[in-house]
2 protein chains.
Amino acid sequence: MAKFTHANSCNTCPYKDYALTKLQTNDVDLIQNSCLIVNFKKGENVCKQGTEVTHALYLAKGSVKLYIEGKNKNLILKIITDSKYIGLQSLFGDRIYQYTITTLEDSQICMINANIILNLAKKNVNYLFELTRNISEATNFVYKKIIDINQKQLRGRLADVLLHFSENVFKSDTFELKLTRKELAEYSAMSMENTVRILNEYKKDGIIDIEGKIFTIKQPDILRKVAELG
Amino acid sequence: MAKFTHANSCNTCPYKDYALTKLQTNDVDLIQNSCLIVNFKKGENVCKQGTEVTHALYLAKGSVKLYIEGKNKNLILKIITDSKYIGLQSLFGDRIYQYTITTLEDSQICMINANIILNLAKKNVNYLFELTRNISEATNFVYKKIIDINQKQLRGRLADVLLHFSENVFKSDTFELKLTRKELAEYSAMSMENTVRILNEYKKDGIIDIEGKIFTIKQPDILRKVAELG
DNA sequence: TTATAACATTGATGCATATCAATGTTTTGT
DNA sequence: ACAAAACATTGATATGCATCAATGTTATAA
């Protein structure tokens, strides 16, 4: 199992979340005292669909995939890379994880007792407000995901996904995607074979360049048109 | 356009939301003074995808569909019938509606200035906590919706939808669905023709009974099996 | 360092589902 | 009360996509 250490400097932590700035010093101490910094190796589960929510999860360093496990296939809803809470809405909802979270590389996750966060949230409205904003934006993201799955077909979906990585996640025309083709497929809600096929189509057409896991968007405008037309 | 009246008795309103009980009397008055009770006729838009969020929307009486408008087809995410806030997460997120809401029958909607709700939320943590719980549950519902669309095929999806209406919404084996076949299709993420086809399949098999818009679930166990097997 | 498994690629096949078409039925508005 | 539009139904057709299959390539572990 993963190794862990106790947090000892949340206030000066370089991965600190903005919501923490809304808390009094002694409240940050409460979090710090409860907080375990757990080192996960690549491919380990951080939480598991169907289990009870006992901790708030904060991704300090690394990257994870958040996905729904189905009978035959999985659906990756989000790739989370930055210093971010992961799955906050599970704290306030029915306290059962609706999804599994797995690391895509060695990562550090802060685990804070759920009730401590809930109590702080009940005490400090500015803190709760930040968490709520966070949850709301997560919901809006999922709405966009649904519309993609429902309204576009393969080529459009994959174009969307590539643009999303380039523009929102890595903010660069060239990026290294820490996903296998299968995972990219699960993120785009299509089969792995078709993902490969369409990627190579785009490559042949000079729209993108692929070198293993290094992606280069060569003609973002065309990709944008494909994404738009579906 | 829809007629409206000013609210004058939020505290004693039979459609009052639970979250309101968390507010002081004078704070409820703030809401009451801002609150317009708008009478919408069947088929009118309550809010429109892509527009700015200026008001919190509370469905006092009636029923609405919340749906994403696409190029060719719409996707209904939720049918809301009870005394419920509709689209709370849009208040805390990027303040642009990601969806359109349309009434399914004549309905009364309370419209409260968004900033008044936000200010109260910032002042009263118990109130905000209830709103947050509300948003979280909405998010979890959407997650379930995604998994249905992604993992199951037509028959399973439609079985799921029928069971959901019977068990969660109307809590009865027999119910009147205020949806056209097209809307039922948009809610189940499939074509209208296939919706009709499969409904009649179920009818022929004696699993359900349909009389116009009156649905009767005759063999819920079989329907549950269909929903499970996909 | 070699064996084994996971990953990646490409082509061929089948099927679920949307779309098209034609027709009857019910609402809706005037 | 009538016309027009929206809704509902059923069958035939087309196609987007998953699945299967075969093979090469790259990680991973013993």
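Residue numbers begin at 1 in each chain, while the letters A, B, ... track the order of the sequences.
A salt bridge links B:Asp221 with B:Arg224; the closest basic N to acidic carboxylate O contact falls under 4.0 Å. Of the charged side-chain nitrogens involved, at least one lies within less than 4.0 Å of a carboxylate oxygen, so that B:Glu186 and B:Lys182 count as a salt-bridged pair.
Residues A:Leu57 and A:Tyr97 are in side-chain contact: their nearest non-hydrogen atoms beyond the backbone lie under 4.5 Å apart. Considering only heavy atoms from C-beta on, B:Phe175 comes within 4.5 Å of B:Ile217 through its side chain. Between A:Tyr187 and A:Leu177, the closest side-chain pair of non-hydrogen atoms is not below 4.5 Å. The shortest side-chain heavy-atom distance between B:Thr139 and B:Gln89 does not fall under the 4.5 Å cut-off.
Although no hydrogens or angles enter the test, the distance criterion places a donor-acceptor pair under 3.5 Å between the side chain of A:Arg157 and the main chain of A:Ser188. Remark: side-chain polar atoms of B:Arg95 are paired, donor with acceptor, to backbone N or O of B:Val53 under 3.5 angstrom.
Per the geometry, CG belonging to B:Asn200 stands 9 Å off C1' belonging to D:dA8, to the nearest Å. A straight line from CD of A:Glu183 to P of C:dC7 spans 7 Å, rounded to a whole angstrom. For A:Gln151 and D:dG16, the CD to P distance is 17 Å, given to the nearest whole Å. Atom-to-atom, CZ of B:Phe215 to C1' of D:dA8 comes out at 12 Å; the value is rounded to the nearest Å. The separation between A:Leu158 atom CG and D:dG16 atom P is 17 Å, rounded to whole Å. In this structure, A:Lys71 places its NZ atom 16 Å from C1' of D:dA18, rounding to the nearest Å. In this structure, CD1 of B:Ile149 is placed 16 Å from P of D:dC17, rounded to the nearest angstrom. When rounded to the nearest whole Å, the span between CG of B:Leu179 and P of D:dA6 equals 18 Å.
Rounded to 10°, the angle separating the first-five-pair axis and the last-five-pair axis of the helix from C:dT1-D:dA30 to C:dT30-D:dA1 equals 70°.
Residues passing the salt bridge (charged side-chain N to carboxylate O under 4.0 Å, His left out) test with B:Lys84, sequence neighbours excluded: B:Asp82.
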How does protein contact run along nucleotides 14-30 of chain C, one letter per nucleotide 5' to 3', with B for base contact, S for sugar-phosphate only, - for none, heavy atoms under 4.0 Å? ---SBBB-------S--

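For C:dA8, one of the phosphate oxygens OP1 or OP2 lies less than 4.0 angstrom from a side-chain nitrogen or oxygen of A:Lys213.
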